[in-house]
Amino acid sequence: MNGTSNKTVAEFFAGIGLMRIGLENAGWRIAFANDIDHDKWQMYKDHFGDTGEFVVDDIHKLKSSQVPTVALATASFPCNDLSLAGARHGLAGAQSSAFWGFVDILKTMKLERRQPPIVLLENVTGFLTSHNGQDFENALLALN
Ligand SMILES: C[S@@+](CC[C@H](N)C(=O)[O-])C[C@H]1O[C@@H](n2cnc3c(N)ncnc32)[C@H](O)[C@@H]1O
């Protein structure tokens with residue numbers, strides 16, 4: 001099925017599902033969700049029900065075969081290393097480097113000729129200035 005013809009989403013770093021609430025209100029359907037945190041998955045499940053699309057695992061361990069073909073991939077990746085309130089280790093930091101796990105999944109999906117045509121990143125404003133803008137530039141280059 002062509003993922004562009006339907007409003008389907010693979011939601012990475014799904015947490016308790018706040019992105020999902022917004023997207024569903026806009027007519028999108030969550031085909032896949034992932035987060036590493038079991039407690040957040042519990043809250044997600046309590047709210048949305050267990051309909052089988054949520055995979056609890058480290059994004060670095062996910063296989064592209066677990067991710068269906070979708071029109072949109074979202075990433076609310078950890079902000080700890082990008083925030084102005086943190087130590088600003090950037091995309092190389094222990095938490096925010098999870099972004100590269102997301103990129104790896106997309107790269108594999110591209111090789112499989114089924115990369116999502118739309119990618120949505122959600123993060124703090126400190127992402128724009130991290131390492132004088134180099135992290136943001138590297139992120140855009142990787143996505144391109
Ligand atoms: C900024 S929060 C996203 C919050 C989300 N938008 C929500 O509605 O709760 C980042 C999320 O990334 C998850 N996370 C951190 N490292 C991860 C990893 N290596 N693999 C998968 N998820 C990870 C955290 O558990 C957290 O829920």
Side-chain angles (χ1 to χ4, degrees), residues 3-4 6-112 114-144:
T4 61
N6 50 63
K7 294 174 80 174
T8 50
V9 185
E11 179 190 25
F12 295 87
F13 310 100
I16 62 173
L18 300 179
M19 179 73 82
R20 175 172 177 156
I21 290 173
L23 288 169
E24 285 188 338
N25 281 340
W28 290 82
R29 179 178 67 79
I30 306 300
F32 174 85
N34 165 249
D35 200 280
I36 198 172
D37 190 316
H38 281 86
D39 291 338
K40 289 180 180 170
W41 154 231
Q42 188 63 51
M43 291 180 71
Y44 190 104
K45 188 169 57 166
D46 287 348
H47 188 80
F48 300 104
D50 186 0
T51 49
E53 73 280 358
F54 201 112
V55 175
V56 183
D57 206 347
D58 185 336
I59 194 165
H60 297 291
K61 295 181 181 167
L62 277 185
K63 304 274 181 270
S64 71
S65 56
Q66 294 174 272
V67 183
T69 303
V70 290
L72 167 65
T74 68
S76 299
F77 59 102
C79 65
N80 318 47
D81 301 304
L82 300 166
S83 169
L84 301 179
R88 309 216 73 195
H89 295 301
L91 288 181
Q95 311 297 324
S96 296
S97 60
F99 170 76
W100 299 113
F102 175 67
V103 169
D104 286 343
I105 296 276
L106 294 182
K107 278 183 179 170
T108 307
M109 292 179 83
K110 181 173 168 60
L111 290 174
E112 297 165 349
R114 61 183 194 93
Q115 72 270 30
I118 312 171
V119 172
L120 187 163
L121 304 183
E122 182 252 318
N123 217 282
V124 293
T125 54
F127 183 24
L128 299 175
T129 56
S130 178
H131 292 145
N132 293 318
Q134 194 62 57
D135 279 337
F136 188 65
E137 183 176 334
N138 289 342
L140 293 185
L141 288 171
L143 289 174
N144 281 332

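One-based numbering, in listed order, for ligands and for the atoms of each.
By the 3.5 Å distance cut-off applied to N or O atoms, Ala98 is not counted among the residues near ligand 1. Considering backbone and side-chain N/O atoms, Leu18 comes within less than 3.5 Å of an N/O atom of ligand 1.
Remark: the backbone N or O of Val55 is paired with a side-chain donor or acceptor of Asn34 at under 3.5 angstrom.
Of all protein heavy atoms, the one closest to atom 10 (C) of ligand 1 is Ser76 O, 3.3 Å. Atom 4 (C) of ligand 1 has its closest protein heavy atom at Phe13 O, 4.2 Å. Scanning all protein heavy atoms for the shortest distance to atom 20 (N) of ligand 1 gives Ile59 N, 2.9 Å.
The heavy atom nearest to atom 17 (C) of ligand 1, out of those in Ile36, Asn123, Asp58, is found in Ile36. Considering only non-hydrogen atoms, atom 25 (O) of ligand 1 lies nearest to Asp35 out of Asn80, Ile16, Leu62, Asp35.
Residues Leu82 and Phe77 have side chains in contact (heavy-atom distance under 4.5 Å, counting atoms from C-beta outward). By the 4.5 Å heavy-atom criterion applied to side chains, Asp135 and Phe99 are not counted as neighbours.
Within the 4.0 Å heavy-atom shell around ligand 1 one does not find Gly101.
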| message | Run His47 and Ile21 through side chain to side chain contact (heavy atoms under 4.5 Å, CB included) and show every step you take. | response | CA-CA 10 Å; His47 188 80; Ile21 290 173; 4.2 Å; yes
| message | Under the criterion side chain to side chain contact (heavy atoms under 4.5 Å, CB included), I'd like the reasoning laid out for Phe102 against Leu62: C-alpha separation, chi angles, the key distance, then a yes or no. | response | CA-CA 9 Å; Phe102 175 67; Leu62 277 185; over 6 Å; no
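Ligand-side atoms of ligand 1 in range of Asp57: 20 (N), 21 (C), range being under 4.0 angstrom from any heavy atom. Within ligand 1, the atoms closer than 4.0 Å to a non-hydrogen atom of Pro78 are 12 (O), 15 (C), 16 (N), numbered from 1 in the order shown. Listed by number with element, the atoms of ligand 1 under 4.0 angstrom from any heavy atom of Asp37 are 25 (O).
At a heavy-atom distance under 4.0 Å, no atom of Cys79 approaches ligand 1. Of the heavy atoms in Asn34, only side-chain atoms (C-beta onward) come closer than 4.0 Å to ligand 1. Contact annotation for Lys40 and ligand 1: only side-chain heavy atoms (C-beta onward) come within less than 4.0 Å of the ligand.
Below 30°, between 30° and 60°, or above 60°: for Phe136 and Phe127 the angle between ring planes is above 60°, a perpendicular geometry.
Of the inter-residue distances, the one linking Asp104 atom CG with Ser64 atom OG reads 11.0 Å to the nearest 0.5 angstrom. Rounding to the nearest 0.5 Å gives a distance of 11.5 Å between NZ of Lys45 and OG1 of Thr51.
Counting heavy atoms of neighbouring residues, nucleotides and ligands inside a 6.0 Å radius, atom CG of Asn132 does not exceed 12 of them.
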